[in-house]
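Fair warning: this is a prediction, and the values are worked out from it, not measured in the lab. Nothing fancy with the numbering, it's 1 onward along the sequence. For ligands, and for the atoms within them, numbers begin at 1 and follow the listed sequence. Just the heavy atoms: all of them, side chains too, but no hydrogens, waters or symmetry mates, feed the values below.
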Amino acid sequence: MTAAIRLSAVIIFAAVIAGCAESDEPAPRPDYVLDVPAAAETPPVPDADDAADDPAVWVNRANPGASLVIGTNKQRGLEVYDLSGARLSSLDIGRANNVDLRETVLAGAPAIVVAATNRSHEGVDVLRLDPDTAALSPLMDTPIASPFSDEIYGLCLYAEPDGDVFVFANAKSGEIGQWRLSQGAGGGLTAQLVRRLSVPSQPEGCVADDENGALFVGEEAAGIWRFSAAPDGPVDGVLIASTFETDPERGRLRADVEGLALYAPPQAGPQNGFLIASSQGDFTYAVFDRAAPHAWRGTFAIEAADGVDGAQETDGIDVTALALPGYPEGLLVVQDGFNATPSGEAENQNFKYVGWAAIDDALGLSPSLMTLVAQGGAEIPVTDAWLDGLPETAVETETPWTTARSRFTGPAAADVFARAGVDEGLARITAVDGYIVEVDIAEVIALGGVFARTRNGAPLDPDQNGPVWLVYPYDDLSDEDRARAVSGMSPWAIERVEIEDVPPAD
Ligand code: CA
Ligand code: CA
Ligand code: CA
Ligand code: CA
């Protein structure tokens, strides 16, 4: 055998190995992966092979049960589903690859703007989603044309707080473009390319953190980049997470890095929340802190449950932290590369729905703000997500400890005590510094007590009164009640609320 022939044999062998890596077999499952059950699924898309790709969730704030999920079928167009997974509409616009949406105002009326990269015409379709009919219709006379040197690929949207909506789209070459959407004549939109970015090799999934002005882009083989999302921001990115292939020591992702999504809890402030990435090579999902330095918080896999198969080799994902019927802590939607019937027969690809509460439970993501101890000693960890499940109460008042009238929000003490099964008796409240006070539960409820966790829109600072402060509408109380409320009934920096056992009645 000549050297040249031996060399080509080596190349062929290497190609076979590389081919195996792209086969249906996942990389070995790391031992830190935790299982989370699938909750629901959409019907299979109408096309076989690799077809479903990327979802986007729209939350109907006025009627959460009427929220919608859009999914791409990269052989045909877009589909729209309801919260049960049923298909409501579809639009055959071509090889739509990635999709995202934002709410905005057009011609003085609320509008849901949807954008999708489209490989049939090498551009971006900008559409409107009708929240009542689930129909999609064009918002631009002609789609945005790709300016890239290679095939257009991933996409996500960014909304400046009280500002414009921008499209980010990328190409297999690593080029990334940013377009500003502006209102044109007749209520439609126009798009202007305002900035170009790049990553070293093929990107796809991306997501913007609107509140923090950040753009996260997956470089499929290498990891996750963070850029400024501002149209005049610096163009340099920072690699914030790596694939195992590029960093065997610290990599938490297995190439390809695919869909990215941002879990942004509404009450917790812009530093709280999580960035989720589809680690396609080992069929898992990695969770990172939303806040820099974006620490890795855990990894999960989506397992079969109640007739819904698990999700494998996922492309796109989307998540919302808003409460939806059946999903009190929010909803994750993922593409399933290997959809199957309950008996295990392969079907066309689809999308899986997963409750965030199950992810939070499995990974232990929510730190306890305080502990509620029910009678008998059962401990209830009170997390932001737990509090999000209670009605929010607002109190506007002066207090003896703050300089100006403040707006506090949090659950009513009546609702918190109801979760512990009481509306009277004594509660022993312990503060972080060891201060202990005993309060009469019926009196706290009667005076309108609120377990506040925000003041003037910001989470209470743990270095001052936070994370939880029992406050009252002091300004509205009688002099006598106000005197009682301020003396020993308004503990702050609460660590523990313990319902005292009542001796059984004779
Ligand atoms: Ca890809
Ligand atoms: Ca994809
Ligand atoms: Ca599956
Ligand atoms: Ca299935």
Side-chain angles (χ1 to χ4, degrees), residues 21-22 24-26 29 35-46 48-55 71-75 79 81 84-87 95-99 116-117 119 148 150-156 169-176 199 201-207 216-225 243 245 253-261 277-285 300-317 332-354:
E22 288 170 12
D24 293 351
E25 286 304 313
R29 175 174 152 141
D35 285 340
V36 169
E41 64 182 330
T42 66
V45 295
D49 305 322
D50 199 13
D53 194 274
D54 187 42
T72 61
N73 171 352
K74 58 194 172 192
Q75 300 194 27
E79 308 212 332
Y81 311 100
S84 75
R87 183 188 289 117
R95 299 174 60 212
N97 193 52
N98 278 191
V99 66
T117 40
R119 289 188 279 173
F148 303 131
D150 198 351
E151 203 171 17
I152 199 164
Y153 207 38
L155 171 140
C156 54
N170 60 53
K172 290 186 171 179
S173 55
E175 296 161 276
I176 301 166
V199 292
S201 70
Q202 182 170 309
E204 186 178 357
C206 61
V207 68
F216 298 93
V217 180
E219 184 187 355
E220 291 185 341
I224 302 169
W225 292 86
T243 57
E245 290 83 354
L253 299 160
R254 277 278 186 182
D256 293 351
V257 180
E258 284 279 335
L260 299 179
S278 168
S279 173
Q280 192 178 48
D282 58 10
F283 297 4
T284 68
Y285 312 83
F300 62 95
I302 299 173
E303 296 301 315
D306 299 329
V308 181
D309 59 306
Q312 295 83 23
E313 204 176 65
T314 291
D315 283 315
I317 65 176
L332 174 75
V333 180
V334 309
Q335 182 257 9
D336 181 11
F338 306 143
N339 180 32
T341 64
S343 59
E345 291 160 61
E347 288 195 288
N348 289 350
Q349 296 178 340
N350 69 352
F351 297 93
K352 298 297 194 270
Y353 294 4
V354 181

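A heavy-atom distance below 4.5 Å is found between the side chains of Asn73 and Pro46.
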Practice problem: Tell me, with the steps shown, if Asn97 and Glu204 meet side-chain contact (heavy atoms from CB on, under 4.5 Å). | Solution: CA-CA 10 Å; Asn97 193 52; Glu204 186 178 357; 3.0 Å; yes
Quiz item: ring pair (Phe, Tyr, Trp, His ring centres under 6.0 Å) between Phe338 and Phe283: does it pass, once the steps are laid out?
Solution: CA-CA 10 Å; Phe338 306 143; Phe283 297 4; 5.6 Å; yes
Quiz prompt | Derivation and outcome, side-chain hydrogen bond (donor to acceptor under 3.5 Å, both in side chains), residues Asn348 and Asn339 | solution = CA-CA 6 Å; Asn348 289 350; Asn339 180 32; over 6 Å; no
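The pair Lys74-Asp54 does not meet the salt-bridge criterion, since no charged nitrogen lies less than 4.0 angstrom from a carboxylate oxygen.
Backbone or side-chain N, O or S atoms of Phe338 reach the Ca ion (ligand 3) at under 3.0 Å. Among the atoms of Asn350, none of the N, O or S atoms falls under 3.0 Å from the Ca ion (ligand 4). Among the backbone and side-chain atoms of Asp256, no N/O/S atom is found under 3.0 Å from the Ca ion (ligand 1). Inclusion of Ala340 in the first shell of the Ca ion (ligand 4) is supported: an N, O or S atom falls under 3.0 Å. Among the backbone and side-chain atoms of Asn339, no N/O/S atom is found under 3.0 Å from the Ca ion (ligand 3). Under 3.0 Å from the Ca ion (ligand 4) lies an N/O/S atom of Asp309, whether from backbone or side chain.
In summary, the side chains of Tyr81 and Glu79 do present a donor paired with an acceptor at a separation below 3.5 Å, with no hydrogens or angles considered.
Here the straight-line distance linking atom CG of Asp336 with atom OG1 of Thr314 works out to 6.0 Å at 0.5 Å rounding.
Rounded to 10°, the angle formed at the Ca ion (ligand 3) by O of Gly310 and OD2 of Asp336 is 90°. Around the Ca ion (ligand 1), the angle linking Tyr153 (OH) with Glu204 (OE1) is 80°, rounded to 10 degrees. If you put the vertex on the Ca ion (ligand 1), OE2 of Glu258 and OE2 of Glu220 sit 90° apart, to the nearest 10°.
The minimum distance between the Ca ion (ligand 4) and any N, O or S atom of Glu41 involves atom OE1.
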